[in-house]
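Scroll down for the structure; my scribbles are underneath it.
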Amino acid sequence: MAEIFEKLTLSFTYPFVRYALVVGVLIALCSSLMGVTLVLKRFSFIGDGLSHVAFGAMAVAAVTGLTNDMLLVLPVTVVSAILLLAGGKNRKIKGDAAIAMISVGSLAVGYLIMNLFPTSGNVSGDVCTTLFGSTSILTLSVVDVWLCITLSVTVVILFLLFYNKIFSVTFDENFARATGTNAGLYNLMIAVVIAVIIVLAMNLVGSLLISALVIFPAISAMRVFKSFKAVTVASAVISVICATLGILISVVAGTPVGSTIVGADMAGFLLCWIIGKAVK
């Protein structure tokens with residue numbers, strides 16, 4: 001135990017480890033807040049679809065030589081989120097089918113572009129890093145950290161300010177419209193916020209594991225709590241704890257950060273499931 005503590009203490013003398021912990025906790029917090037809404041609206045796999053869109057956009061940004069890929073990735077992901085979440089009910093291609101199409105298509109196009117126009121001699125390594133976030137979180141610059149802090153604080157403020165509206169749109173959109181709530185506007189806000197979270201989370205767990213970061217804390221909290229507010233708060237607490245543990249375990253054991261965080265989320269779900277069974 002003393003050896004582990006000593007290793008952690010030494011690790012935190014390096015700025016990139018501190019950056020990873022700060023960014024990881026903030027991303028986990030934002031993901032959990034919107035995760036409850038997505039699960040209840042039956043859009044749990046929107047994370048997969050949007051993360052694959054972001055992967056395709058990152059591939060295009062890489063081959064075109066953009067110094068800051070966020071200039072392309074964020075707008076493309078936001079537009080895709082709006083089309084999927086706030087596009088209305090008159091679409092000919094509905095919900096899960098649209099997500100599946102855009103997810104598989106973007107992933108395939110992104111991988112094809114990276115192979116046709118390689119930007120380094122290790123295309124497989126670049127793809128693996130992007131898909132699983134194995135090293136991205138440990139190479140953050142100060143600018144990346146401040147950008148993440150700014151966007152995360154904005155997400156939290158928006159969620160708190162419009163909590164009641166988000167609640168009404170999540171549970172009964174038709175009733176919300178009948179009471180004068182501009183459901184389309186709040187669906188648009190939710191779509192934009194989700195897109196921002198997905199782009200941020202790619203550095204933490206990679207594009208293939210983002211759904212776990214969104215879904216696991218929400219469904220874990222639902223095993224124990226029943227009210228929307230209680231589930232949201234519990235989801236945030238569970239997500240932050242699991243992200244922190246995942247990063248610390250990764251530092252000590254040398255395991256991939258993203259996979260370790262998802263493993264911690266799985267363990268958290270199992271614990272909540274047992275607690276939920278015990279209190280019934």
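A quick note: this is a predicted structure, and the numbers were derived from the prediction, not measured. For this chain, numbers begin at 1 and follow the sequence in order.
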Item to check | Flag side-chain contact, heavy atom, 4.5 Å: T37 against I166 | outcome: yes
Checklist entry - Just how far is it from atom CD1 of I190 to atom CD1 of I194, taken to the nearest 0.5 Å? => result 7.5 Å
Next on the checklist: Test of understanding: clusters of I, L, V, M, F, W, Y form through side-chain heavy atoms closer than 4.5 Å, transitively. Do I249 and I241 belong to the same one?
Outcome noted: no
Next on the checklist: Side-chain heavy atoms nearer than 4.5 Å, only ILVMFWY residues, links allowed to pass through others: does that put I215 and V237 together?
Outcome noted: no
Item to check | Sequence-distant partners of T260, side chain to side chain donor-acceptor pair (under 3.5 Å), two or more places apart | outcome: T255
Checklist outcome for this item: So CD1 of I261 and CE of M266: to nearest 0.5 Å the spacing works out to 14.0 Å
Checklist entry - Does one hydrophobic cluster hold both L271 and V224, with members joined at side-chain heavy-atom distances below 4.5 Å? => result yes
Next on the checklist: Restricting to non-hydrogen atoms, name the atom on A218 and the atom on V39 that form the minimum distance, rounded to 0.1 Å.
Outcome noted: CB-CG2, 3.9 Å
Item to check | Gap separating the CZ atom of F159 from the CE atom of M189, nearest 0.5 angstrom | outcome: 9.0 Å
Checklist entry - Taking all atoms of both residues into account, what is the closest heavy-atom pair of T150 and T154, and its distance? => result O-OG1, 2.8 Å
Next on the checklist: Show every ring-ring contact (aromatic ring centres under 6.0 Å, His included) that has at least one partner inside residues 223-259, sequence neighbours left out.
Outcome noted: Y163-F228, F167-F228, F171-F228
Checklist entry - Distance-only, no hydrogens or angles: does the S152 side chain make a donor-acceptor pair with backbone N or O of I149 under 3.5 Å? => result no
Checklist entry - Among all residues two or more places apart in sequence or in another chain, which pass the side chain to side chain contact (heavy atoms under 4.5 Å, CB included) test with I157? => result V153, L161
Checklist entry - What's the verdict on side-chain contact (heavy atoms from CB on, under 4.5 Å) for V231 and K226, showing C-alpha distance, side-chain angles and the deciding distance? => result CA-CA 6 Å; V231 168; K226 300 303 177 185; over 6 Å; no
Item to check | With F269 via side chain to side chain contact (heavy atoms under 4.5 Å, CB included) - residues at least two apart | outcome: F216, I219, S220, R223
Checklist entry - side chain to side chain contact (heavy atoms under 4.5 Å, CB included) with A108: which residues, sequence neighbours excluded? => result none
Checklist entry - Can you name the residues that form a ring-ring contact (aromatic ring centres under 6.0 Å, His included) with F162, not counting sequence neighbours? => result Y186
Checklist entry - Do I247 and L245 belong together in a cluster built from hydrophobic side chains that touch within less than 4.5 Å? => result no
Next on the checklist: Restricting to side chain to side chain donor-acceptor pair (under 3.5 Å), what partner residues turn up for R177, sequence neighbours left out?
Outcome noted: E173
Item to check | Co-members of L270 in a cluster of I, L, V, M, F, W and Y side chains, linked at under 4.5 Å | outcome: W273, I274
Checklist entry - Residues in side chain to side chain contact (heavy atoms under 4.5 Å, CB included) with C242, at least two apart? => result I238, A264, D265
Side chains of residues 21-33: which donor-acceptor partners sit under 3.5 Å, not counting sequence neighbours?
residue : atom : partner : partner atom : Å
S31     : OG   : I27     : O            : 2.8
S32     : OG   : A28     : O            : 3.2
S32     : OG   : L29     : O            : 2.7

Item to check | Where S235 and A221 come nearest, the two heavy atoms and their spacing | outcome: N-CB, 3.6 Å
Checklist entry - So do I197 and M34 actually touch side chain to side chain, heavy atoms under 4.5 Å? => result yes
Item to check | Criterion side-chain contact (heavy atoms from CB on, under 4.5 Å) on V196 and L74, from CA distance to verdict | outcome: CA-CA 7 Å; V196 170; L74 189 56; 4.0 Å; yes
Next on the checklist: Count I, L, V, M, F, W, Y as connected when their side-chain heavy atoms are under 4.5 Å apart, and connections chain through other members. Are V214 and V233 then in the same cluster?
Outcome noted: no
